[in-house]
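Below is one structure, written out as structure tokens; comments come after it.
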Protein chains: 2
Amino acid sequence: MKISIIEDHTEFRHSLEFIIGSFSDFQLMSSVGSVEAYLQQPADAEVLLLDINLPGMSGLDALPLLKKRFPGLKVIMLTILDDDQHIMTAICRGADGYILKKSQPQKILDAVQQVYEGGAALTPLVARQVLAFFHKPVTHSPSQQEALTARELEILALITNGVNTEKIAANLFISPQTVRNHIKNIYAKLQVHSRAQAVSKALRENIV
Amino acid sequence: MKISIIEDHTEFRHSLEFIIGSFSDFQLMSSVGSVEAYLQQPADAEVLLLDINLPGMSGLDALPLLKKRFPGLKVIMLTILDDDQHIMTAICRGADGYILKKSQPQKILDAVQQVYEGGAALTPLVARQVLAFFHKPVTHSPSQQEALTARELEILALITNGVNTEKIAANLFISPQTVRNHIKNIYAKLQVHSRAQAVSKALRENIV
DNA sequence: CCGAAAATGACCCAAACAGGCTATTGTCCG
DNA sequence: CGGACAATAGCCTGTTTGGGTCATTTTCGG
């Protein structure tokens, strides 16, 4: 298993090198202090430990670039912060893992092993924040506003796909006027006043 | 740490009981074979191991119900399948963990510990599938269509919030007519023909 | 079996919108 | 300097939408 490291903090980098060097399963290919240095002599690593806070190009900015240049490379973000925004940015840009520097060495080795085997490595607290993105909207939405009926949900779904009144009516085999009435009721329940607002609310609050 | 189990497969349930009983940190409150049985004599557990495939009400359907009735209860889904759809459903309904039955006993204990400490417990392969939901859309979207200008993005964002032409104009200190023109250009680039479609595309492809 | 809620349908009207065309100004790049 | 593009602005026309009010039928739970 070929591993590279990009981490500017010399002391911590040496620790990582030591940990990885302790196991014969792991082969350290490259260990540098910046993305720029890494790109000058790229190693064909399989797993990359990438710091977020780096001098020059940040780890977050390097992520999509590295993923594009080395397809198949698994990248684990290493960071001191478990900042919500950083986590989501990293994940959206293709990170395969996100672990905190304060983690025990064994956890870091586990993470490398996990991503090598095709999994993703998240510390439990990071995983919690990721999951929050899914069930936050769902839990807070059904509370406030009135519930939509099945028919209304059906029509809202079509509106959300940009279908106009005429086509919705044709689709559901009902009169356009009836569609209009349903839409009025939907607006009242969602407390919106236009299709654009309805679509926005429907998508953001996972009503569809 | 108070733990309950809902699992219909008797043999596996007994294994779980045994594993949990082996540690003095854990206190087994209740161990039953169905959601219905659990609701009849609810225990004030802190962590619940919940099977997905259950006779009667499924674990997925019970999830929101249990979460509502016992706020603060952490639920770990236990299942044989790592089916994509089940995972996402469970997460959207508030699961705090999702682990496979074939996991080593130690992993299950770790998961309980992790959710108890406020984290989320996902096996690496499940985590991979969750992450895929984030970086899939981002990678495929910026390809096809033409890029929007800064002004167009600004206006698209306002449209996405349901603001009408008049208000957008007032907001940006430009003429409503100019806003109309920008919107026409946005429509052309996004290949849509209405605000609703534009909002839908903007939100679904993370353009805003 | 009755009443509430949902689904269906209609009319009107003012406002908003979509699409077509033209035009001026500014900026940036080759 | 000249062309490309973005941002600004106007006009016209037909369509769609949002809001108001009313009425009939169906469905479902008490």
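Values below: all heavy atoms of this structure, side chains included; hydrogens, waters and symmetry mates excluded. Proteins come first, then strands; the chains are lettered A, B, ... in the order of their sequence lines, and each starts at number 1.
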**OP:** Verify the neighbour count for atom CD of B:E36: are there more than 12 heavy atoms of other residues, nucleotides or ligands below 6.0 Å?
**Re:** yes
**OP:** Calculate the interatomic distance between A:E154 atom CD and C:dT8 atom C1'; express it in whole Å.
**Re:** 14 Å
Original post:
Looking at A:H14, A:R13, A:K101, which one forms a side-chain hydrogen bond (donor to acceptor under 3.5 Å, both in side chains) with A:E7?
Top reply: A:K101
Subject >> Spacing of A:I186 atom CD1 relative to D:dG19 atom P, expressed in whole Å >> reply: 13 Å
Subject >> Separation of atom CG in B:L158 from atom P in C:dC17, rounded to whole Å >> reply: 13 Å
**OP:** To the nearest Å, give me how far apart CD (B:Q197) and C1' (D:dT17) are.
**Re:** 15 Å
Original post:
Nearest heavy-atom pair of B:P55 and B:S34: which atoms, and what distance?
Top reply: O-CB, 4.2 Å
**OP:** Please state how far atom CD1 in A:I168 lies from atom C1' in C:dT8, giving the value in whole angstrom units.
**Re:** 16 Å
Original post:
Would a distance-only check, ignoring hydrogens and angles, find a side-chain to backbone donor-acceptor pair under 3.5 Å from B:R128 to A:G118?
Top reply: yes
Subject >> Given A:D44, A:I5, A:I3, the one that forms side chain to side chain contact (heavy atoms under 4.5 Å, CB included) with A:M29 >> reply: A:D44
Subject >> For atom CG of A:L153 and atom C1' of C:dA6, their distance in whole Å >> reply: 13 Å
Original post:
Hey, what bend do you get for the helix from C:dC1-D:dG30 to C:dG30-D:dC1 if you fit axes on five pairs at each end, rounded to 10°?
Top reply: 60°
Subject >> Closest non-hydrogen atom pair between A:V35 and A:A62, with its separation >> reply: CG2-CB, 3.5 Å
Original post:
Rounded to the nearest Å, what distance is computed from the NZ atom of residue B:K167 to the P atom of nucleotide C:dC17?
Top reply: 10 Å
Original post:
Any donor and acceptor pair, going by atom type alone, linking the side chain of B:T160 with main-chain N or O of B:L156 inside 3.5 Å?
Top reply: yes
Interface polar pairs with nucleotides 28-30 of chain C, N/O, under 3.5 angstrom:
none

Original post:
In chain order, what residues pass the salt bridge (charged side-chain N to carboxylate O under 4.0 Å, His left out) check against B:E154, with sequence neighbours excluded?
Top reply: B:R151
Original post:
So does A:E46 pair up with A:K74, basic N to acidic O under 4.0 Å?
Top reply: no
**OP:** Specify the closest pair of heavy atoms between B:M1 and B:F26, including all atoms of both residues, with the distance to one decimal.
**Re:** SD-CE2, 3.3 Å
N/O contacts under 3.5 Å, protein versus nucleotides 4-7 of chain D?
| residue | atom | partner | partner atom | Å |
| --- | --- | --- | --- | --- |
| D:dA7 | OP1 | B:T149 | OG1 | 3.4 |
| D:dA7 | OP1 | B:R151 | N | 3.4 |
| D:dA7 | OP2 | B:T149 | OG1 | 2.7 |

Subject >> Residues B:N161, A:R204; criterion side-chain hydrogen bond (donor to acceptor under 3.5 Å, both in side chains); working and verdict >> reply: CA-CA 11 Å; B:N161 286 326; A:R204 287 185 169 149; 2.9 Å; yes
Subject >> Carboxylate-amine/guanidinium proximity below 4.0 Å for B:D96 and B:K67 >> reply: yes
Report, one pair per line, the protein and nucleotides 18-22 of chain C atoms (nitrogen or oxygen only) whose separation is under 3.5 Å.
| residue | atom | partner | partner atom | Å |
| --- | --- | --- | --- | --- |
| C:dA18 | OP1 | B:Y187 | OH | 2.9 |
| C:dA18 | OP1 | B:R195 | N | 3.0 |
| C:dA18 | OP2 | B:Y187 | OH | 3.0 |
| C:dA18 | OP2 | B:R195 | NH1 | 3.3 |
| C:dG19 | OP1 | B:H193 | ND1 | 2.9 |
| C:dG19 | N7 | B:K184 | NZ | 3.4 |
| C:dG20 | N7 | B:K184 | NZ | 3.3 |
| C:dG20 | O6 | B:K184 | NZ | 2.2 |

**OP:** Tell me, please, which residues at least two apart from A:D61 pass salt bridge (charged side-chain N to carboxylate O under 4.0 Å, His left out).
**Re:** A:R93
**OP:** Please report, rounded to the nearest Å, how far the C1' atom of C:dG9 is from the CG atom of A:N185.
**Re:** 13 Å
